[in-house]
Protein chains: 2
Amino acid sequence: MTAEIWDVIIVGAGLSGLSAAHLLRKRNAKLKILILEGKDRVGGRTVSAEIPAASGVDRWDMGGQWVGSTQTHILELIKELGLETFPQFNVGKKVHHMGGPGAKVRTYRTSIPALSPVVLMDLTQILWKIGRLCATVCVEDPSRTPNAVELDSMTLHSYIEQHAWTAELKEELGLCSRSVFGMEPSQMSFLFFLMYAAAAGGVLQLLESAPGSAQELKIKGGTQQLSQCLADRVGWKNVRLGSAVTAIWQDAEWAKVTTTTNTFLCRAVIVTSPPHLAAKIHYQPALPSQREFLTQNMPVGHMIKFIITYQTAFWKEKGFSGEIVAGSSSECPFCVTFDATSPSGNAALVGFIAAQQASRWSSEEGEERRNAVFSSLVKYLGPEAASFLHYEEKDWAKEDYSGGCPVNVMAPGLLTYYHPSLRKPCGRIHWAGTETATLWCGYMSGAVQAGQRAALEVLAELCPMALTQEEQEAMQHSQTIMGAAKQTASSKLVYQFTKKTMVIATLAIGAALLLAQNQNALLKVKTYLTKVF
Amino acid sequence: MTAEIWDVIIVGAGLSGLSAAHLLRKRNAKLKILILEGKDRVGGRTVSAEIPAASGVDRWDMGGQWVGSTQTHILELIKELGLETFPQFNVGKKVHHMGGPGAKVRTYRTSIPALSPVVLMDLTQILWKIGRLCATVCVEDPSRTPNAVELDSMTLHSYIEQHAWTAELKEELGLCSRSVFGMEPSQMSFLFFLMYAAAAGGVLQLLESAPGSAQELKIKGGTQQLSQCLADRVGWKNVRLGSAVTAIWQDAEWAKVTTTTNTFLCRAVIVTSPPHLAAKIHYQPALPSQREFLTQNMPVGHMIKFIITYQTAFWKEKGFSGEIVAGSSSECPFCVTFDATSPSGNAALVGFIAAQQASRWSSEEGEERRNAVFSSLVKYLGPEAASFLHYEEKDWAKEDYSGGCPVNVMAPGLLTYYHPSLRKPCGRIHWAGTETATLWCGYMSGAVQAGQRAALEVLAELCPMALTQEEQEAMQHSQTIMGAAKQTASSKLVYQFTKKTMVIATLAIGAALLLAQNQNALLKVKTYLTKVF
């Protein structure tokens with residue numbers, strides 16, 4: 001068997017791998033680039049599906065779906081590929097049900113949930129504390145964060161237990177963890193959480209659909225198009241589907257990449273697989289033990305996503321936005337839903353069953369899970385929720401060559417002991433994938449950034465003339481430069497709101513709320529909070 | 001290529017795999033059993049080496065070395081194989097150096113370190129608290145432990161931060177974590193720590209060389225003999241070395257086990273690899289996602305072990321036991337050493353570089369690491385330490401088909417969400433290895449227990465008549481029965497020492513120590529404490 005020879009082999013035809021290939025080709029059209037993908041499709045954790053809808057059929061995203069206006073890497077790509085975005089619909093009453101099945105179902109209209117004044121104060125103080133810590137995090141090298149060992153030695157759960165005053169807020173933050181990471185707050189390092197938030201510009205940016213936040217915009221026609229369009233540009237002949245990489249061997253001259261049926265030789269490899277899958281590849285020589293310890297400490301989250309299509313968006317007619325937030329003790333399988341009506345007007349809802357709830361519901365029969373979803377929707381939005389056209393779901397834990405979604409988190413201790421191995425090349429192997437990003441890591445934008453960074457690393461090795469002098473310098477000093485820059489930027493933002501201001505604000509809000517418990521006062525406070533954060 | 005056909009294939013020729021094979025053969029001599037091992041030797045995490053010594057050459061253990069008199073599974077095996085044990089030498093002054101390079105080096109003779117009265121009180125209270133919690137842990141199903149979610153949502157570090165009063169004790173407990181797990185207290189779930197201690201009969205049992213403890217006895221001629229003797233019994237023709245398993249496929253009739261060169265068919269498979277390596281095997285059909293999430297949350301520890309031989313045991317002549325305990329801030333690479341003089345009288349010391357220190361020193365040049373070891377030994381035991389015969393070390397992170405030592409721990413959240421997958425067979429695949437044990441898990445005894453348990457599972461499937469009725473019943477009800485039994489036994493032990501007694505004892509000890517700070521009083525208190533725990 002003679003091996004095919006290529007310049008660069010990319011493992012994974014998701015956004016990160018295809019972005020890397022795209023940049024490589026733009027800089028040097030002569031480079032022979034091959035992309036090997038285990039799945040029978042491109043897109044990785046983004047996949048769009050045709051689903052029966054009011055007008056017959058329409059497309060929805062069963063994986064990553066949102067982008068935000070501060071996610072420059074993905075926005076530039078969207079523009080370059082000629083795709084269009086449209087805003088997440090969020091007008092109307094939002095449903096909020098925390099505190100167990102017996103608790104009152106509340107509704108609200110602002111971006112801050114329907115919380116009691118005390119819980120709202122609690123939220124204010126903890127967001128302020130976390131915001132301050134976020135501003136001190138060096139995303140490029142979190143071990144340089146002041147007090148890093150301490151922050152990395154506790155779980156997000158432990159931080160919440162120590163700093164949240166009310167049981168309600170603890171429940172609320174548990175839900176945030178589930179919906180953002182597909183993980184319980186017990187399963188990740190608190191420093192990792194801070195780094196993740198810092199890479200997104202703040203905690204609220206992770207949670208909201210407001211401008212600049214993670215759930216702001218969607219892509220017309222679905223996010224998988226990004227990968228499909230990139231494959232068009234890179235050339236489909238350079239993308240081999242159904243070709244899972246099982247081994248990467250290196251010697252002085254070549255890297256040898258093996259799939260179950262083929263062997264390829266190349267000068268450089270970019271591995272974009274999520275860490276738990278990259279760990280399953282057989283490397284020779286063995287990877288440094290620090291790298292092995294790194295991947296052992298990066299478990300992936302668990303999410304089941306569903307799309308339900310309807311004849312009409314009955315929730316809008318009833319004044320609802322489609323957003324439901326439900327605590328894990330409420331007997332409801334999902335933690336959040338949103339309106340998912342398509343740009344062409346086909347009514348739909350999207351929802352997520354995440355973390356511990358995904359574990360539990362994943363093992364149930366499909367029908368039982370579906371029934372539980374509808375019984376909750378009926379409870380929150382009314383009996384019309386039962387008259388659906390189609391229910392489509394995707395359990396990402398069961399997807400081959402993913403095994404989980406949306407992102408791999410970091411267990412306590414990783415950031416302080418093994419983090420340098422995250423992006424450090426191992427010989428001819430370079431690491432990409434959204435987990436290695438420094439801006440919006442864990443998101444599609446991070447996948448693009450990481451792919452482009454790995455591509456620049458490869459260019460620096462194979463054809464350094466393809467890099468601008470700026471890029472060359474940036475690569476050499478990336479950690480120092482980016483570290484300092486990032487820290488300054490986010491510090492500015494958060495430190496506007498100093499400790500003194502915070503104490504006064506909390507007391508003022510508290511007093512105002514306790515004295516005048518009417519909707520007007522509450523709204524004013526919420527508006528104030530929204531402006532402040 | 002026609003596949004060889006066997007009844008049972010065991011992945012891994014360590015103590016667990018060979019114990020499984022041995023039991024299978026004893027119960028049914030007709031069973032065709034094949035053991036596949038990636039390494040070029042048997043023994044897994046136990047390996048004995050010939051090292052230049054005073055009398056010419058002698059054997060020492062470079063991996064697992066100690067057994068204890070409550071470790072019934074390994075003791076029975078030792079007896080059956082006709083091997084002999086001898087006690088860990090621990091007579092004389094022990095060296096204790098915590099608090100940074102500038103702190104005073106102390107010595108002590110009892111089993112409780114040379115701590116100040118306040119730190120001793122602190123130790124008393126935290127051991128009491130942990131002991132009480134340990135007694136409530138159901139080792140077979142830790143999620144049934146009262147308050148399990150809370151205990152599993154924090155790291156061992158967080159527990160120590162919250163419950164230790166003094167910085168000295170925190171440092172002390174960090175050292176314990178490193179020397180027992182090769183991990184920092186930040187890297188594991190507190191509930192996992194409790195379960196691990198409960199499976200050993202208590203926390204002190206993990207730390208001491210006293211009767212019943214983990215460091216009590218050694219095996220004459222080395223621990224690898226256990227595996228070699230087992231391979232003799234099982235038949236070396238049934239053990240294939242250098243045969244790493246890369247894939248296990250199952251269909252309705254067969255399990256198909258693949259190495260890089262061969263394919264085998266069988267009725268049942270026992271996988272004994274540590275979880276991070278078991279996760280690298282390719283399974284078809286894919287393992288349940290709960291099992292994948294389990295292995296993603298079980299990182300392995302990092303230990304470098306060294307043996308130094310000397311012409312004479314100069315430390316004994318100077319009144320030292322050879323035991324040194326050194327904090328990580330003391331510029332000393334190792335955390336503990338012990339006397340390792342062989343039964344035939346060849347003088348030696350054994351030491352461990354562990355966890356974060358292993359990470360740091362692993363990347364240094366060998367000579368630099370060795371020099372640092374000797375410079376510390378000279379500081380603690382005198383200039384004679386520099387005149388050694390031979391220095392032999394083993395970095396277990398760099399050992400193929402191990403990648404770490406001594407054991408895989410569990411990250412926060414695992415025990416409450418994924419634990420049922422730890423021992424649950426997946427079709428024809430059964431799981432062994434010390435990590436799956438319920439008595440002395442993480443130890444050689446646990447490896448034997450786990451191997452035997454998996455063997456019984458396989459017998460129950462392939463030839464149930466080979467099981468006694470008792471075993472059949474026990475297997476059916478194992479969780480319930482063992483859970484209840486274990487809990488009662490350890491409860492009795494610990495609850496003798498009630499809360500009231502503890503408060504009085506702490507106060508009494510404190511008063512005594514603060515009033516009469518002389519060696520005699522201290523010794524009495526230590527004796528009291530030793531009796532109490």
Side-chain angles (χ1 to χ4, degrees), chain A residues 149-150 152-162 183-190 244 246-247 260 275-276 279-282 286-290 292-302 355-356 358-360 362-363 395-400 403-404 408 411-414 416-418, chain B residues 149-150 152-162 183-190 244 246-247 260 275-276 279-282 286-290 292-302 355-356 358-360 362-363 395-400 403-404 408 411-414 416-418:
Chain A
V149 174
E150 202 49 43
D152 194 33
S153 295
M154 65 171 84
T155 62
L156 173 58
H157 178 100
S158 291
Y159 184 85
I160 294 170
E161 277 301 309
Q162 283 166 36
M183 285 270 185
E184 299 296 323
S186 60
Q187 297 182 268
M188 71 192 84
S189 148
F190 179 55
T246 55
T260 40
H276 68 288
K280 288 181 192 273
I281 296 173
H282 181 255
L287 296 182
S289 42
Q290 294 297 91
E292 289 286 348
F293 288 130
L294 176 98
T295 52
Q296 282 172 39
N297 284 280
M298 290 189 71
V300 68
H302 189 178
Q356 174 194 7
S359 266
R360 184 194 147 195
S362 183
S363 55
D395 183 345
W396 280 89
K398 291 178 179 163
E399 162 95 356
D400 278 347
N408 294 57
L414 181 149
T416 33
Y417 306 132
Y418 313 126
Chain B
V149 174
E150 201 49 41
D152 194 33
S153 295
M154 66 171 85
T155 62
L156 173 57
H157 178 100
S158 291
Y159 184 84
I160 294 171
E161 276 302 309
Q162 282 166 36
M183 285 270 187
E184 299 295 324
S186 59
Q187 298 183 267
M188 71 192 85
S189 147
F190 179 55
T246 54
T260 40
H276 67 289
K280 289 180 191 274
I281 297 172
H282 182 253
L287 296 182
S289 43
Q290 293 296 90
E292 289 287 347
F293 288 130
L294 177 98
T295 52
Q296 283 172 38
N297 284 279
M298 290 189 73
V300 67
H302 189 178
Q356 175 195 4
S359 266
R360 183 196 147 192
S362 183
S363 56
D395 183 344
W396 280 89
K398 292 178 178 163
E399 163 96 355
D400 279 347
N408 294 56
L414 182 149
T416 32
Y417 306 132
Y418 313 126

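Keep in mind that this is a model prediction, so the values were computed, not measured.
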From the list A/A286, A/P185, A/G404, A/A279, the residue making the most non-hydrogen contacts under 4.5 Å with chain B is A/A279

When the 4.5 angstrom heavy-atom criterion is applied to B/Q290 and chain A, the contacting part is side chain

Output for pair (A/D152 CG, B/H157 NE2), nearest 0.5 Å, gives 9.5 Å

On a heavy-atom basis, the closest approach of B/T155 and A/M154 is OG1-CA, 4.3 Å

Chain A shares the most heavy-atom pairs under 4.5 Å, among B/H282, B/H302, B/E292, with B/H302

Among A/I281, A/N297, A/T246, the residue with the most heavy-atom pairs under 4.5 Å to chain B is A/N297

Most contact-rich option vs chain B, by heavy-atom pairs under 4.5 angstrom, among A/S362, A/S363, A/S289, A/P299, is A/P299

Here the gap from B/E161 atom CD to A/S158 atom OG, rounded to the nearest 0.5 Å, amounts to 11.0 Å

Between A/S186 and B/Y417, the two heavy atoms sitting closest are OG-CE1, 3.7 Å

Chain A shares the most heavy-atom pairs under 4.5 Å, among B/S189, B/S359, B/A355, with B/S359

When the 4.5 angstrom heavy-atom criterion is applied to A/V300 and chain B, the contacting part is both

Most contact-rich option vs chain A, by heavy-atom pairs under 4.5 angstrom, among B/R360, B/E184, B/M298, is B/E184

